[in-house]
Colleague: 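Have a look at the structure that comes next, please.
The analysis underlying the following values was restricted to heavy atoms, covering all of them including side chains, and did not include hydrogens, waters or symmetry mates. What you are looking at is a predicted structure, and each value in this text was computed from that prediction instead of being measured.
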Amino acid sequence: DARPIWGHQEVLCGRTAVQPLAKFKQAAAGQRWRTRITAHNREGTTMADDIRDDDFWYRGKTTRRRVLGYGAAAGALGATMLVPAPWQAAFGQAKPYKIGSLQPLSGPAAPGGKTALVGLQMAVDRINKAGGINGRPVEIVVADDESKPDVGRRKMEKLLEEDNIDAHVGGFLSNICLACMPVFEETKVVNMISVCLDTTLTTTKCNRFSFRVHDYAPSQAVAFAPFMVNKLGKKWHIAYADYSWGQSTRDAYVQEIKKAGGQVTGTTGIPIGTADMTPFLSKISGDIDGLFGIFFGKDGVTIGNQAYDLGLTKKYKWAGDGAIAESTNLPGLGNKIDGFIGIERYVPVFEGVLNTPANHRFFDDAKVRLAKIDSSKPDPDRYTQSNYEAMNALKIGMEKSKFQSRKDTDKLIAALEGLEMKEGDDFPQGDKTLRKEDHQAFLRQFITECRGGTYKILEVIEKDKTIFP
């Protein structure tokens with residue numbers, strides 16, 4: 001059946017675990033919306049020269065911001081220069097498109113949220129420099145979800161109903177993405193999911209307004225499980241972040257490892273933000289060949305270091321989701337991550353298919369920006385890449401549909417469905433296909449080994465071999 005799966009509402013997309021928007025409004029009655037700016041002058045206007053990078057990203061004071069900034073410091077922050085000053089005159093009186101972005105700028109996921117926002121701003125700066133979209137500039141309206149689903153839901157409702165955004169590019173934690181899905185359906189606004197990997201976002205919880213222009217757990221498992229079983233070992237224990245993304249990714253790997261002829265002998269769920277994982281990890285033992293980890297951010301650093309200290313990564317093959325060894329995590333992992341084999345959609349190296357002029361340009365721009373917000377001067381990661389490319393996909397859809405406002409949402413959806421994204425400056429990671437039926441993208445994957453603070457590509461899995469189901 002080639003019809004979109006939301007045509008079968010009673011089977012797949014009609015079920016939702018969160019309350020309808022009307023009920024949510026009642027529950028949220030009395031909540032006071034506030035804008036808190038990290039650095040401001042007496043009049044409350046953010047000044048680029050006054051912003052301290054560490055304050056902006058780590059103190060958690062920015063709960064929602066729509067800020068125009070000027071100068072080099074503002075551009076480096078990624079969230080402040082919504083319409084770069086040199087290009088304002090070129091646009092004249094043209095009304096900007098407002099693109100909302102819900103990101104974790106505080107809480108456990110904040111380190112990833114900051115690199116995600118850099119990628120989004122890179123795309124918007126490039127779009128505005130080239131003349132905008134349909135002759136109009138683009139500005140970003142950013143909200144901090146504080147890494148909390150209830151806060152994220154409230155902030156998203158405000159972006160949609162009060163800030164009146166034209167479309168949304170963002171979403172980092174899967175439990176927050178899931179909480180917000182019904183709001184896009186009720187307000188009829190296009191949602192470009194830019195990080196969240198939970199399987200159900202494009203299966204049982206899908207809707208026609210949401211698109212995921214990057215991979216998800218089943219496609220990663222399809223690509224990686226045969227390599228794991230045939231080249232690393234047959235028997236695996238899975239340790240995972242115990243929330244929606246980790247759980248759905250665990251399930252995908254259990255299925256694909258079994259399909260490839262292997263076996264998952266046990267699983268261990270560890271709550272997000274657990275500083276001491278040793279009580280969980282010390283229970284992992286028995287007749288297994290490998291330990292497979294599903295973690296991200298600071299939790300990736302924690303499990304990498306503590307699994308090493310317990311001797312698990314010497315005793316067993318050590319593999320997992322590439323988010324464990326993301327480029328921003330490498331300084332905290334040091335040589336303890338050496339030998340880790342992961343799967344990634346993007347790694348900041350110039351080997352084989354990634355040694356292209358477009359990837360060099362993407363890398364160079366991102367590297368400069370990231371160095372100005374993080375003293376470790378990290379390389380761009382998957383979050384930088386996916387936000388950059390999600391915004392570029394939206395741009396193409398808006399141009400094809402001649403999108404002007406929300407009244408053109410149906411035309412925008414039609415332009416995005418089945419979109420073929422070709423490798424180049426818009427999509428330095430490579431070609432992608434955005435499947436019409438469920439709005440899930442398929443793209444190449446990289447199986448890599450970490451060693452000496454960098455990555456070696458062991459195998460490239462082309463996008464046609466990652467398709468699920």
Side-chain angles (χ1 to χ4, degrees), residues 53-54 57-58 78 104 108-119 122 172 195 197 214 220 224 239 241 272-275 277 281 291-310 312-314 317-352 354-355 359-360 362-388 428-429 445-459:
D53 298 345
D54 289 344
W57 294 114
Y58 296 113
K114 70 175 183 178
T115 62
L117 198 52
V118 165
M122 283 173 58
F172 192 95
V195 170
L197 285 168
H214 57 280
Q220 291 179 324
F224 199 14
I272 293 177
T274 299
M277 295 184 179
L281 298 176
L291 173 62
F292 189 86
I294 305 168
F295 297 89
F296 74 97
K298 291 182 179 179
D299 289 348
V301 176
T302 300
I303 192 170
N305 287 327
Q306 294 179 8
Y308 177 92
D309 292 341
L310 288 170
L312 293 174
T313 62
K314 297 177 183 177
K317 294 291 186 180
W318 176 215
D321 190 286
I324 289 175
E326 204 60 73
S327 59
T328 45
N329 281 355
L330 291 182
L333 288 164
N335 61 9
K336 292 183 179 181
I337 200 63
D338 282 0
F340 173 80
I341 297 176
I343 185 157
E344 268 286 10
R345 63 173 173 265
Y346 178 78
V347 284
V349 297
F350 302 110
E351 292 182 29
L354 287 176
N355 190 16
N359 190 34
H360 276 276
F362 168 79
F363 178 94
D364 291 345
D365 188 4
K367 185 75 173 175
V368 170
R369 294 173 186 247
L370 289 167
K372 291 179 179 178
I373 62 168
D374 188 329
S375 59
S376 71
K377 301 180 179 180
D379 291 338
D381 58 17
R382 66 160 79 174
Y383 314 128
T384 314
Q385 169 266 327
S386 59
N387 276 264
Y388 177 83
Q429 188 271 350
Q445 297 286 327
F446 301 94
I447 298 174
T448 67
E449 180 180 6
C450 285
R451 194 166 297 278
T454 189
Y455 310 91
K456 178 178 176 57
I457 296 176
L458 302 179
E459 196 167 313

Colleague: Quick check: closest heavy atoms across R451 and G339, and the distance to 0.1 Å?
Modeller: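 Shortest heavy-atom contact: NH2-CA, 3.4 Å.
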Colleague: How many angstroms lie between atom CD1 of I337 and atom CD1 of I303, to the nearest 0.5 angstrom?
Modeller: 9.0 Å
Colleague: Sub-3.5 Å donor-acceptor pair from the side chain of N305 to the main-chain atoms of V301, do we have one?
Modeller: yes
Colleague: Checking Y455 side chain against A325 main chain: does a donor-acceptor pair fall under 3.5 Å?
Modeller: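 Indeed, once roles are kept as given, a pair shorter than 3.5 Å links the two residues.
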Colleague: Return the CG to CG distance between L291 and L312, rounded to the nearest 0.5 Å.
Modeller: 6.0 Å
Colleague: For R345, what residues pass the salt bridge (Lys or Arg N to Asp or Glu O under 4.0 Å) criterion, not counting sequence neighbours?
Modeller: D215
Colleague: In Å and rounded to the nearest 0.5 Å, what is the OG1 to CG distance from T454 to L330?
Modeller: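 Output value for this atom pair is 8.0 Å.
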Colleague: Which pairs with one or both residues in residues 322-342 pass ring pair (Phe, Tyr, Trp, His ring centres under 6.0 Å), sequence neighbours excluded?
Modeller: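 Non-adjacent pairs meeting ring pair (Phe, Tyr, Trp, His ring centres under 6.0 Å): W318-F340.
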Colleague: So which pairs with a foot in residues 318-328 pass salt bridge (Lys or Arg N to Asp or Glu O under 4.0 Å), sequence neighbours left out?
Modeller: D321-R382, E326-R382
Colleague: Would you call M122 and V118 a side-chain contact if the rule is heavy atoms closer than 4.5 Å?
Modeller: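 Sidechains of V118 and M122: in contact.
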Colleague: At their closest point, which heavy atom of N329 faces which heavy atom of G297, and how far apart are they?
Modeller: ND2-O, 3.0 Å
Colleague: Working to the nearest 0.5 angstrom, can you tell me the gap between Q429 CD and Q445 CD?
Modeller: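 Interatomic distance, Q429 CD to Q445 CD, rounded to 0.5 Å: 7.5 Å.
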Colleague: For I373 and K114, which heavy atoms make the closest approach, and how far apart are they?
Modeller: O-NZ, 3.9 Å
Colleague: Step through the shown structure and confirm whether more than 12 heavy atoms of other residues, nucleotides or ligands are within 6.0 Å of NZ on K336.
Modeller: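 Yes, enclosed.
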Colleague: State the CZ-CG distance between R369 and D374, to the nearest 0.5 angstrom.
Modeller: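 If we round to the nearest 0.5 Å, R369:CZ and D374:CG are 15.5 Å apart.
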Colleague: Write down the atom of A319, the atom of F224, and the distance for their closest heavy-atom approach.
Modeller: CB-CZ, 4.3 Å
Colleague: Any side-chain to backbone donor/acceptor pair from D299 onto I272? Under 3.5 Å, distance only.
Modeller: no
Colleague: Looking only at atom types and distance, does a side-chain atom of N387 sit under 3.5 Å from a main-chain N or O of G119, one as donor and one as acceptor?
Modeller: no
Colleague: For T274 and T302, which heavy atoms make the closest approach, and how far apart are they?
Modeller: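 For T274 versus T302, the nearest heavy atoms are O-CG2, 3.8 Å.
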Colleague: Would a 4.5 Å heavy-atom cut-off, applied to side chains only, mark P380 and Y388 as touching?
Modeller: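 Side chain of P380 against side chain of Y388, heavy atoms only: no contact under 4.5 Å found.
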Colleague: With the side chain counted from C-beta on, respond yes when K314 and Y308 share a heavy-atom pair under 4.5 Å apart, and no when they do not.
Modeller: yes
Colleague: Working to the nearest 0.5 angstrom, can you tell me the gap between L310 CG and L281 CG?
Modeller: 6.0 Å
Colleague: Do any N or O atoms from the side chain of D379 and from the backbone of K367 form a donor-acceptor pair under 3.5 angstrom?
Modeller: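 Judged by distance alone, no pair lies under 3.5 Å.
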Colleague: Run the side chain to side chain contact (heavy atoms under 4.5 Å, CB included) test on F362 and T384 for me, step by step, so that the C-alpha distance in whole Å, both residues' side-chain angles and the decisive distance to 0.1 Å come before the verdict.
Modeller: CA-CA 10 Å; F362 168 79; T384 314; 4.1 Å; yes
Colleague: Quick one: closest heavy-atom pair of G320 and F292, and the distance?
Modeller: CA-CE1, 3.4 Å
Colleague: Please report whether the ring centroid of F296 lies less than 6.0 Å from that of Y383.
Modeller: no
Colleague: Hey, is the main chain of A275 close enough, under 3.5 Å, to the side chain of Q306 for a donor-acceptor pair?
Modeller: yes
Colleague: Flag the pair N359 / Y346 as yes when at least one side-chain heavy-atom distance between them is below 4.5 Å, and no otherwise.
Modeller: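 Counting from C-beta outward, N359 and Y346 do come under 4.5 Å.
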Colleague: Is there a side-chain contact between F446 and V349 (heavy atoms, below 4.5 Å)?
Modeller: no
